[in-house]
Amino acid sequence: MTTLIVNIKGLVNVRSENKLLRDIELRELPIIENAFLLIEDGIISKWGLMENLKQEIPVLPKDQIDATGQFVMPTWCDSHTHMVFAGSRENEFVDKINGLSYAEIAAKGGGILNSANKLQYASEDELFNAAWERLIACSKLGTGAVEIKSGYGLTIEAELKMLRVIKKLKEKSNLTIKSTFLGAHTFPQQYKENHQGYIDEITKNMLPVIANENLADYIDVFCESGFFSVEEMEQICIAGLRYGLKPKLHINQLNSIGGIESAIKMNAISVDHLETMTEKDIADLSASNTIGTLLPTAAFFLRMQYQPARALINGGCAIALASDFNPGSSPSFNMNFVVALSCIQMKMLPQEAINSATINGAFAMEIQDELGSISIGKKANLIFTQPINSIEYLPYAFGTNLIEKVMIKGEFI
Ligand code: NIG
Ligand code: FE
């Protein structure tokens, strides 16, 4: 099947080289004006200027799409989500508005343990169906690739249940999906005083089955005071690495306890959250190959300080943007809002935000060879905007859905 898109006002993020962007490269967003794009069997095969169309494609295919006035861009690569969960937690949201603290909410049975409790009672089918609906809804908002974590199971049965759901989503969906094992999300109640007992459960009992059934691509740990210490994270990551799972980690959301330095030493693919960063953390991360994934909607929802995006970019750190979609701290998978919020609250330029949510997001999932930019040989996962005057209009007009349609592997959803 061959499809030709003609009269594209702006073809966004056209690249011939796959490169993780940092510093001033991040603000270069290549846009080809008045362009065409050819798709063959779901793969981008050619692009060029409309004025050269006749020479480039002498025999035009029958299947043509007119994109007059529209921008066509790569779909969002959302490299950090917790899309599989049971129920929701709007009661905690109201409790917080009424002034309850995180500790008070946790004492009432809230937080991660609340979601873990709900998940024990949900069947694999129920979890799959709910996640499937969320996946469809986020793809309509322009997301074409997602990373999904476990971590609301916290027992071997429930963690495996979550990971099997993610595996089934991978098999059935046209979106590109990566799976991360987050057994170390928090300590279950019965292990509160016996950390090593739960770490052994993760490393000796869960990991071998996960590896054997090929259920995860990465390993994650919530490294934070009150959750997993740096030493505990290292133990878990080293065990994961033995099974081929590279670290992608929750770090520095609430405190800076040395997680950044340790993650870099372990060659983590990414360190995610980063609301609380010391100058040393910023310098270390900037000098490393680890990607800093910023999750501004979590800071927004929890009324925390935003991630220091400018200091990170100016320091030379490779950053990505993701939604952190989860029922506790970011109940939204809308990457358009993530991009807008990054510009509005973290002073990222629209070009920086779009690059961070596409090509750098693809790097944060190691799918840069198939997604993240308009490049020959990559999947035709595309956002068609409404007719708009400039690409800056996208984050500027925040809250308005400016996506007209979304294409996944060459087909409109
Ligand atoms: O990424 N910070 C840890 N985990 C999630 C929130 C988990 C929850 O509250 O359910 C996050 O923000
Ligand atoms: Fe998260």
Side-chain angles (χ1 to χ4, degrees), residues 78-93 95-96 100-120 122 127 131 134 146-154 158-159 162 166 178-188 218-228 232-233 236 247-257 259 263 268-276 291-307 320-333 335 338 341 361 364-365:
D78 190 353
S79 62
H80 182 136
T81 83
H82 307 247
M83 195 165 296
V84 176
F85 56 87
S88 53
R89 294 184 1 220
E90 61 271 35
N91 53 329
E92 292 176 24
F93 168 65
D95 284 346
K96 262 183 235 140
L100 260 65
S101 70
Y102 190 81
E104 287 165 325
I105 290 168
K108 281 177 68 182
I112 297 167
L113 290 175
N114 183 0
S115 286
N117 191 40
K118 289 189 166 111
L119 193 129
Q120 312 292 318
L127 287 173
R134 294 171 193 136
V146 278
E147 180 258 15
I148 308 177
K149 299 171 193 298
S150 70
Y152 290 126
L154 310 179
E159 282 295 312
M162 286 189 83
I166 302 171
K178 289 280 185 169
S179 169
T180 300
F181 171 50
L182 175 58
H185 202 179
T186 190
F187 287 96
Y218 302 106
I219 189 153
D220 193 350
V221 177
F222 187 24
C223 178
E224 203 63 65
S225 328
F227 293 83
F228 292 80
E232 290 167 344
M233 170 179 79
I236 294 163
K248 257 175 89 64
L249 302 161
H250 279 77
I251 306 249
N252 285 40
Q253 181 183 11
L254 314 167
N255 297 285
S256 173
I257 56 170
I269 295 291
S270 68
V271 285
D272 304 22
H273 267 294
L274 315 186
E275 283 87 331
T276 313
I291 297 169
T293 299
L294 314 183
L295 312 172
T297 46
F300 170 73
F301 189 77
L302 299 179
R303 299 184 196 90
M304 285 186 61
Q305 73 271 22
Y306 287 90
Q307 292 82 3
L321 288 171
S323 73
D324 194 19
F325 175 44
N326 76 77
S329 66
S330 182
S332 165
F333 43 63
M335 284 293 286
V338 171
L341 196 60
M365 287 188 262

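Start at 1 and go down the list; that is how both ligands and their atoms are numbered.
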Record the part of His250 in heavy-atom contact with ligand 1 below 4.0 Å; permitted values are side chain, backbone, both and neither.
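Looking at His250 and ligand 1, just side chain atoms fall under 4.0 Å.
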Between the side chains of Ser225 and Asn255, does any donor sit under 3.5 Å from an acceptor?
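A pair is found: one side chain offers a donor N or O, the other an acceptor, under 3.5 Å apart.
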Side-chain donor-acceptor contact under 3.5 Å, His80 with Asp324
yes
Decide whether the shortest distance between a heavy atom of Arg89 and an atom of ligand 1 is less than 4.0 Å.
yes
Check the angle between the aromatic planes of Phe325 and Phe333 and answer parallel, tilted or perpendicular using the 30° and 60° thresholds.
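Ring orientation, 0 to 90° scale: perpendicular.
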Over 60° means perpendicular and under 30° means parallel, so tell me whether His82 and His185 are parallel, tilted or perpendicular.
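Taking His185 first and then His82, their aromatic rings lie parallel (interplane angle under 30°).
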What protein heavy atom sits nearest [atom], and how far off is it?
atom: atom 4 (N) of ligand 1; answer: His185 NE2, 2.8 Å
atom: atom 2 (N) of ligand 1; answer: Gln253 OE1, 2.8 Å
atom: atom 11 (C) of ligand 1; answer: Asp324 OD2, 3.2 Å
atom: atom 12 (O) of ligand 1; answer: Ser329 OG, 2.5 Å

Which is the closest N/O/S atom of Asp324 when seen from the Fe ion (ligand 2)?
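Closest to the Fe ion (ligand 2) among those atoms: OD1.
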Enumerated ligand 1 atoms positioned under 4.0 Å from heavy atoms of His273
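In order of numbering, the contacting atoms are 1 (O), 2 (N), 11 (C), 12 (O).
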Given the Fe ion (ligand 2) as the apex, I'd like the angle to NE2 of His250 and NE2 of His80, rounded to 10 degrees.
90°
Regarding atom 7 (C) of ligand 1: of the candidates Phe85, Phe222, Tyr152, which has the closest heavy atom?
Tyr152
Check the pair Phe228 / Phe187 against ring-ring contact (aromatic ring centres under 6.0 Å, His included), numbers first and verdict last.
CA-CA 8 Å; Phe228 292 80; Phe187 287 96; 4.1 Å; yes
